[in-house]
Enquirer: 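After the structure tokens below, expect a handful of questions from me.
In this text, all values refer to a predicted model and were calculated from it rather than measured experimentally.
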Amino acid sequence: MLMTLFHLIVEFFKIGVFSVGGGYATIPFLYHLINNYHWYTSDQLTNMIAISMLTPGPVGANMATFAGFQTCGIFGGILATFALVLPSLFFVIIISKLLNKFRENFFVQSILYALKPAGCGLLAAVGFGFFKEHITNIYALMLFIFLFALSFKFKKNPLYYFLIAAIVGIVLQVCNVKLI
């Protein structure tokens with residue numbers, strides 16, 4: 001149990017250091033934990049992502065809390081969340097002290113400019129993996145395409161599209177049609 005807590009702290013500290021771009025950037029690292037530690041399953045991660053989007057607070061912290069709780073109970077949830085947030089605290093303190101001094105520096109601007117596509121690439125890779133794993137039939141594909149098109153046309157909060165997907169899922173479940 002003590003070794004598991006140690007690994008939990010180390011892994012979520014690493015996730016906190018390297019998940020640049022917000023909570024969704026933690027998803028590739030959480031998939032990595034499935035393969036290396038088997039603390040939770042791919043289906044649990046999918047549920048964790050959905051619940052984290054719907055609950056208040058940062059998505060990454062919510063997912064760390066859930067993963068830690070799944071692994072070592074309440075104490076594990078607290079430690080995983082703390083380990084995830086700790087690097088950000090250090091970075092914010094250091095960057096706030098240095099940013100004013102180097103705000104116009106070409107190298108600082110270049111690094112910040114390069115981090116954006118790297119974060120997008122990580123999210124795209126996870127999205128593709130999620131799509132490949134969970135879109136398993138024509139109904140799910142049609143629902144995905146429909147909601148994707150709606151999101152571009154109406155530019156509403158993503159929660160609206162989750163609500164539509166939930167309603168469609170309930171209706172199809174009642175009609176005994178499987179999406180996944």
Enquirer: Mind checking whether Tyr31 and Ser42 have side chains closer than 4.5 Å, heavy atoms only?
Expert: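 Tyr31 vs Ser42: side chains touch.
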
Enquirer: Should Val17 and Phe90 count as side-chain neighbours, where that means a heavy-atom distance under 4.5 Å?
Expert: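 No, side chains not in contact.
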
Enquirer: Quick check: closest heavy atoms across Glu11 and Trp39, and the distance to 0.1 Å?
Expert: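 Shortest heavy-atom separation between Glu11 and Trp39 comes out as CG-CH2, 4.3 Å.
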
Enquirer: Out of the candidates Leu79, Leu5, Ile78, only one should pair with Cys72 under the side-chain contact (heavy atoms from CB on, under 4.5 Å) rule; please name it.
Expert: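 Answer after filtering Leu79, Leu5, Ile78: Leu5.
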
Enquirer: Distance check, rounded to the nearest 0.5 Å: Ile49 atom CD1 versus Phe66 atom CZ?
Expert: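 Reported value, rounded in 0.5 Å steps: 11.0 Å.
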
Enquirer: Looking only at heavy atoms, which two atoms of Ser19 and Ile15 are closest? And how far apart?
Expert: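 Of all heavy-atom pairs spanning Ser19 and Ile15, the closest is OG-O, 2.6 Å.
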
Enquirer: Going only through I, L, V, M, F, W and Y residues with side-chain contacts under 4.5 Å, is there a path from Leu45 to Phe18?
Expert: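 Yes, one cluster joins them.
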
Enquirer: Are Gln109 and Glu104 close enough that some pair of their side-chain heavy atoms sits under 4.5 Å apart?
Expert: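 Yes, side chains in contact.
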
Enquirer: How close do Ala80 and Ala64 get, heavy atom to heavy atom, and via which atoms?
Expert: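 So the minimum-distance heavy-atom pair works out to CB-O, 3.4 Å.
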
Enquirer: Just verifying a value: how many Å separate Asp43 CG and Ile34 CD1, rounded to the nearest 0.5 Å?
Expert: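 It comes to 9.0 Å.
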
Enquirer: Give the cluster check for Leu8 versus Phe29: same hydrophobic cluster or not, with ILVMFWY residues linked at side-chain heavy-atom distances below 4.5 Å.
Expert: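 Leu8 and Phe29: one cluster.
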
Enquirer: If you draw a 6.0 Å radius around CG in Leu159, do more than 12 non-hydrogen atoms from other residues or ligands fall strictly inside?
Expert: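 For Leu159, atom CG is crowded (more than 12 foreign heavy atoms under 6.0 Å).
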
Enquirer: Any donor-acceptor pair under 3.5 Å linking the side chain of Gln44 with the backbone of Thr41?
Expert: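 It does hold such a pair.
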
Enquirer: Indicate the atoms forming the closest heavy-atom contact of Tyr37 with His7, along with that distance.
Expert: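 Heavy-atom minimum between the residues: OH-ND1, 3.5 Å.
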
Enquirer: Is it the case that atom OH in Tyr161 sees more than 12 heavy atoms from other parts of the structure closer than 6.0 Å?
Expert: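 More than 12 within 6.0 Å, yes.
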
Enquirer: Rounded at 0.5 Å granularity, tell me how far CG in Leu141 sits from CZ in Phe148.
Expert: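 Reported to 0.5 Å precision, the distance equals 12.0 Å.
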
Enquirer: Let me know which of Thr81, Thr26, Leu30 forms a side-chain contact (heavy atoms from CB on, under 4.5 Å) with Phe12.
Expert: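 Of the listed residues Thr81, Thr26, Leu30, the side-chain contact (heavy atoms from CB on, under 4.5 Å) partner of Phe12 is Leu30.
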
Enquirer: Determine, using the 4.5 Å side-chain heavy-atom cutoff (strictly less than), whether Val10 and Leu86 are members of one ILVMFWY cluster.
Expert: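 Looking at the clustering, Leu86 is in a separate group from Val10.
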
Enquirer: Are Ile93 and Phe82 connected, step by step, through hydrophobic side chains (Ile, Leu, Val, Met, Phe, Trp, Tyr) whose heavy atoms are closer than 4.5 Å?
Expert: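 Ile93 and Phe82: one cluster.
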
Enquirer: How long is the gap from NZ on Lys14 to CD1 on Ile9, to the nearest 0.5 Å?
Expert: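 If we round to the nearest 0.5 Å, Lys14:NZ and Ile9:CD1 are 13.5 Å apart.
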
Enquirer: How many angstroms lie between OG in Ser151 and CZ in Phe146, if you round to the nearest 0.5 Å?
Expert: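 Result: 11.0 Å between the selected atoms.
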
Enquirer: Give me the atom names and distance for the closest heavy-atom approach of Leu84 to Gly60.
Expert: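 Heavy atoms of Leu84 and Gly60 come nearest at CD2-O, 3.3 Å.
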
Enquirer: Just wondering, do His38 and Leu33 contact through their side chains at under 4.5 Å, heavy atoms?
Expert: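 Answer no - side chains too far apart.
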
Enquirer: Report the distance from atom OG1 of Thr71 to atom OH of Tyr40, rounding to the nearest 0.5 Å.
Expert: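 Reported to 0.5 Å precision, the distance equals 7.5 Å.
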
Enquirer: Quick check on the hydrophobic clustering: are Tyr160 and Leu150 connected, directly or via other members, by side-chain heavy-atom contacts under 4.5 Å?
Expert: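 Different clusters: Tyr160 never reaches Leu150 through Ile, Leu, Val, Met, Phe, Trp or Tyr contacts under 4.5 Å.
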
Enquirer: Are Asn62 and Ile51 close enough that some pair of their side-chain heavy atoms sits under 4.5 Å apart?
Expert: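 Contact flag for Asn62/Ile51 side chains = no.
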
Enquirer: Can you name the closest pair of heavy atoms from Ala114 and Pro117 and give their distance?
Expert: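 The pair with the smallest heavy-atom distance is O-CD, 3.3 Å.
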
